[in-house]
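This report refers to the structure that appears directly beneath it.
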There are 2 protein chains.
Amino acid sequence: MTFDVLAEPHRRDILDILRTGERPVGDLVELLETSQPLVSKHLRVLREAGLVDVRIDAQRRIYRLRPEPLQELDAWLAPYRALWTTALDRLDTLLEEDQ
Amino acid sequence: MTFDVLAEPHRRDILDILRTGERPVGDLVELLETSQPLVSKHLRVLREAGLVDVRIDAQRRIYRLRPEPLQELDAWLAPYRALWTTALDRLDTLLEEDQ
DNA sequence: CGTGTATATAACCATTCGCGTATGTTATCC
DNA sequence: GGATAACATACGCGAATGGTTATATACACG
């Protein structure tokens, strides 16, 4: 599973950033306010887990999100979701959305 | 986040079991085919993360699932879900379900 | 062709973590 | 009250992991 990959806060931060669009490594280093080797290391883990994809642009590597593994995570979560989406909860949700 | 708690396979196994109903520790030890101290340790982590709840019945401790933290996980996943539930993907899903 | 830029990798360290073994604790039953 | 059952906790160990520092690689540009 990809849970252990997502267990790292920096890696979740990277995904959150890439969700808004692809980025070169330098951007991630700036936004995360951390060291470049650390970002590269996390990106490698994300890449090997299939959560990101790389594209080469001259000296830069542009990283892009790949949501497929998250889809598997969503599938794992599905049976649990039934536990809090009872009829009553659905009503609550509707009321919130309507408000 | 509860991601690091779920990163451990045994802990996910425990949750999968408790999803079918509450269980004493001994049951979990048998079903997971592992040692009792290990199960107790994982249960402690799950308890501190709010993912399970204990009830005392004589010498036995009955554990029960608490889905609230999973709901938070689901909330984290929500914005990503939009990435694969585009109009086209919805069509694919419909076709699969119809088949 | 040398220099600067962008990124990856290597080597190392400290910490954390899963696991096993041994022991403590509490309740039941004779 | 002693023995047993069910579970938690303490301790120690090896492996994995996040992080830093230093170095390698590849490209652009004068």
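Every chain is numbered from 1 and lettered A, B, ... according to where its sequence line falls, protein lines coming before strand lines. Not measured: the values here are computed from a predicted model. Computation of the quantities below employed the complete heavy-atom set of this structure, encompassing side-chain atoms and omitting hydrogens, waters and symmetry-equivalent molecules.
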Polar atom pairs (N or O), protein with nucleotides 23-28 of chain C, under 3.5 Å:
unit_1	atom_1	unit_2	atom_2	d
dT28(C)	O4'	Q59(B)	NE2	3.2

Query raised in the report: Considering only heavy atoms from C-beta outward, does the side chain of T2(B) approach that of W76(B) to under 4.5 Å?
Result: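 Of all side-chain heavy-atom pairs linking W76(B) with T2(B), none is under 4.5 Å.
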
Not counting sequence neighbours, which residues clear side chain to side chain donor-acceptor pair (under 3.5 Å) with [X]? List them please.
X      : answer
R60(B) : D57(B)
E22(B) : R55(B)
E48(A) : R44(A)
R81(A) : D74(A), D74(B)

Report task. Quick one: pull up CG in L18(B) and CG in L28(B) and give me the separation to the nearest 0.5 Å. Result ->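 Here the interatomic distance stands at 5.5 Å.
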
Query - Pairs meeting criterion salt bridge (charged side-chain N to carboxylate O under 4.0 Å, His left out) with involvement of residues 2-16 of chain B, two or more places apart - result: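 Pairs touching residues 2-16 of chain B that pass the test: D16(B)-R19(B).
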
Report task. Under 4.0 Å from any heavy atom of chain B: name the first and the last nucleotide of DNA chain D that qualifies, 5' to 3'. Result ->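 Nucleotide range in contact with chain B: dA6(D) to dT9(D).
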
**Report entry** R66(A): side-chain contact (heavy atoms from CB on, under 4.5 Å) partners, not counting sequence neighbours
**Finding:**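 If we apply the side-chain contact (heavy atoms from CB on, under 4.5 Å) test to R66(A), skipping adjacent residues, the hits are D53(A), E68(A).
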
Between the protein and nucleotides 13-19 of chain C, which nitrogen or oxygen pairs are less than 3.5 angstrom apart?
unit_1	atom_1	unit_2	atom_2	d
dG18(C)	OP1	R11(B)	NH2	2.9
dC19(C)	OP2	H10(B)	ND1	3.2
dC19(C)	OP2	H42(B)	NE2	3.2
dC19(C)	N4	K41(B)	NZ	2.5

Donor-acceptor list for residues 29-37 of chain A side chains, cut-off 3.5 Å, not counting sequence neighbours:
unit_1	atom_1	unit_2	atom_2	d
S35(A)	OG	L38(A)	N	3.4
Q36(A)	NE2	S40(A)	OG	3.0

Query raised in the report: Which pairs, with at least one residue in residues 5-62 of chain B and sequence neighbours excluded, count as a ring pair (Phe, Tyr, Trp, His ring centres under 6.0 Å)?
Result: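 Found H10(B)-H42(B).
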
